[in-house]
Undergrad: 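What follows is a structure written as structure tokens; I'll ask about it next.
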Amino acid sequence: MDRRLRRAPDAEWVLMYRHGLSRKRIAELVRVHPAVVGYHLVIARRRDLDLEAEHQAAAGARTGPSPRSLARMEEVIAWITAKSRLPRGHSENRGERSMARWLSERRREAAEGTLDPAYRDGLARVPEWAGNHRAAADEARWHDRLAQLVEFRHEGHDWPRHHDYDSEREHTCVSSSLSRPFQR
């Protein structure tokens, strides 16, 4: 641990922060508690109002995910390939739930347009990774029921009844005529 007394703000730490390193990473490199680095950075940000913007710009200019993150992606892809299915968030297996959360986060990033190209290219090997399977199934079921309803009406029947229906077919058509599946 670095025991020297440093005058705040430490110029070296401020420079590292300006180049995009996080408070935690700086603390790891110089072997001090992150709160100490944070104290120095608070003072530096008060003196230099552009420091935070420069830090954000440098942090955003990183080349891509870390090797550890890419290894996690490869682990998820290998699991999906071996199991021939996507991981489930409600699984009893903790590792599978973790992979489902990781994949969900990548889906969110893809939807927002912030997915790193390294992830995009790697996950391209997994069919339908970005799709919302529940929403697709709901949509397909709705269209099937709508087709049943249209056929039911073309046969000369009145609108299907929810109660006191004549057949199971009429009852099935009711659910399609009520509403469309919930859209997120």
Side-chain angles (χ1 to χ4, degrees), residues 12-31 34 37-38 41 45 50-151 172-184:
E12 180 184 20
W13 298 356
V14 172
L15 183 62
M16 286 192 271
Y17 187 74
R18 189 179 307 277
H19 283 94
L21 272 69
S22 68
R23 177 180 69 127
K24 182 180 177 186
R25 182 65 182 138
I26 296 168
E28 290 170 357
L29 290 172
V30 297
R31 296 187 180 106
V37 176
L41 294 177
R45 281 193 296 260
D50 296 329
L51 178 62
E52 187 64 27
E54 290 177 32
H55 167 74
Q56 293 297 332
R62 296 202 184 271
T63 57
S66 70
R68 184 176 178 188
S69 298
L70 293 175
R72 177 65 172 166
M73 177 185 68
E74 292 300 329
E75 178 186 349
V76 171
I77 292 171
W79 189 93
I80 293 170
T81 303
K83 300 284 186 174
S84 299
R85 66 177 176 84
L86 296 174
R88 296 181 183 130
H90 56 78
S91 172
E92 291 184 17
N93 182 315
R94 201 170 114 206
E96 184 176 353
R97 287 192 313 265
S98 173
M99 286 187 268
R101 280 191 306 275
W102 184 91
L103 201 56
S104 176
E105 184 65 21
R106 301 297 80 78
R107 277 190 200 106
R108 184 189 59 74
E109 290 172 359
E112 293 173 350
T114 60
L115 183 67
D116 191 275
Y119 288 140
R120 184 194 62 229
D121 297 342
L123 288 170
R125 297 180 292 178
V126 178
E128 300 180 13
W129 73 271
N132 183 337
H133 298 287
R134 179 179 287 170
D138 288 347
E139 186 74 14
R141 184 173 43 257
W142 186 87
H143 284 286
D144 288 343
R145 296 253 173 100
L146 178 62
Q148 291 172 5
L149 175 64
V150 168
E151 183 181 327
T172 303
C173 289
V174 170
S175 60
S176 64
S177 64
L178 296 177
S179 66
R180 228 183 145 103
F182 175 69
Q183 300 289 322
R184 290 183 187 185

Undergrad: Hey, are Arg125 and Glu74 close enough for a salt bridge, meaning a charged N less than 4.0 Å from a carboxylate O?
TA: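 Glu74 and Arg125: salt-bridged.
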Undergrad: What is the minimum heavy-atom distance between Pro65 and Asp116, and which atoms define it?
TA: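 For Pro65 and Asp116, the tightest heavy-atom pair comes out as CD-OD1, 3.1 Å.
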Undergrad: Should the pair Tyr119 and Trp102 be assigned to parallel (<30°), tilted (30 to 60°) or perpendicular (>60°) ring geometry?
TA: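 Tyr119 and Trp102: perpendicular rings.
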Undergrad: Which value, rounded to the nearest 0.5 Å, describes the distance between Met16 atom CE and Leu41 atom CG?
TA: 9.0 Å
Undergrad: Going by the rule ring pair (Phe, Tyr, Trp, His ring centres under 6.0 Å), which residues pair with Trp79 if we only count those two or more places apart in sequence or in a different chain?
TA: none
Undergrad: Let me see the working for Leu29 and Leu21 under side chain to side chain contact (heavy atoms under 4.5 Å, CB included), right down to the final yes or no.
TA: CA-CA 10 Å; Leu29 290 172; Leu21 272 69; 3.5 Å; yes
Undergrad: I need the minimum non-hydrogen distance between Gly95 and Asn93, along with the two atoms involved.
TA: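 Looks like N-OD1, 2.7 Å.
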Undergrad: Would you call Tyr17 and Glu52 a side-chain contact if the rule is heavy atoms closer than 4.5 Å?
TA: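 The answer is yes, as the side chains (C-beta and beyond) meet within the 4.5 Å cut-off.
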Undergrad: Any chance you could lay out the salt bridge (charged side-chain N to carboxylate O under 4.0 Å, His left out) test for Arg68 and Glu75, step after step, and finish with the verdict?
TA: CA-CA 10 Å; Arg68 184 176 178 188; Glu75 178 186 349; over 6 Å; no
Undergrad: Is any side-chain heavy atom of Arg72 less than 4.5 Å from a side-chain heavy atom of Met99?
TA: yes
Undergrad: Work out which heavy atom in Arg107 is nearest to a heavy atom in Leu86; give both atom names and the distance.
TA: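 In terms of heavy atoms, the two residues are closest at NH2-CD1, 3.7 Å.
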Undergrad: Assess whether salt bridge (charged side-chain N to carboxylate O under 4.0 Å, His left out) is satisfied between Arg141 and Asp144, documenting all intermediate values.
TA: CA-CA 5 Å; Arg141 184 173 43 257; Asp144 288 343; over 6 Å; no
Undergrad: Determine whether a donor-acceptor pair (N or O, by modelled atom type, separation under 3.5 Å) exists between the side chain of Glu96 and the backbone of Arg88.
TA: yes
Undergrad: Answer yes or no: are there more than 12 heavy-atom neighbours, outside Glu92 itself, under 6.0 Å from its atom CD?
TA: no
Undergrad: Step through the shown structure and confirm whether more than 12 heavy atoms of other residues, nucleotides or ligands are within 6.0 Å of CZ on Arg85.
TA: yes
Undergrad: Can you give me the closest heavy-atom contact between Gly20 and Ala58, atom names plus distance?
TA: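 That would be N-CB, 3.6 Å.
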Undergrad: Which heavy atom of Leu51 sits nearest a heavy atom of Arg45, and at what distance?
TA: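 Distance-wise, the nearest heavy atoms are CD2-CG, 3.8 Å.
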Undergrad: For Ile77 and Gly122, which heavy atoms make the closest approach, and how far apart are they?
TA: CD1-O, 3.2 Å
Undergrad: Working to the nearest 0.5 angstrom, can you tell me the gap between His55 NE2 and His19 NE2?
TA: 12.5 Å
Undergrad: Can you measure from CG (Leu15) to CD (Glu12) and round to the nearest 0.5 angstrom?
TA: 8.0 Å
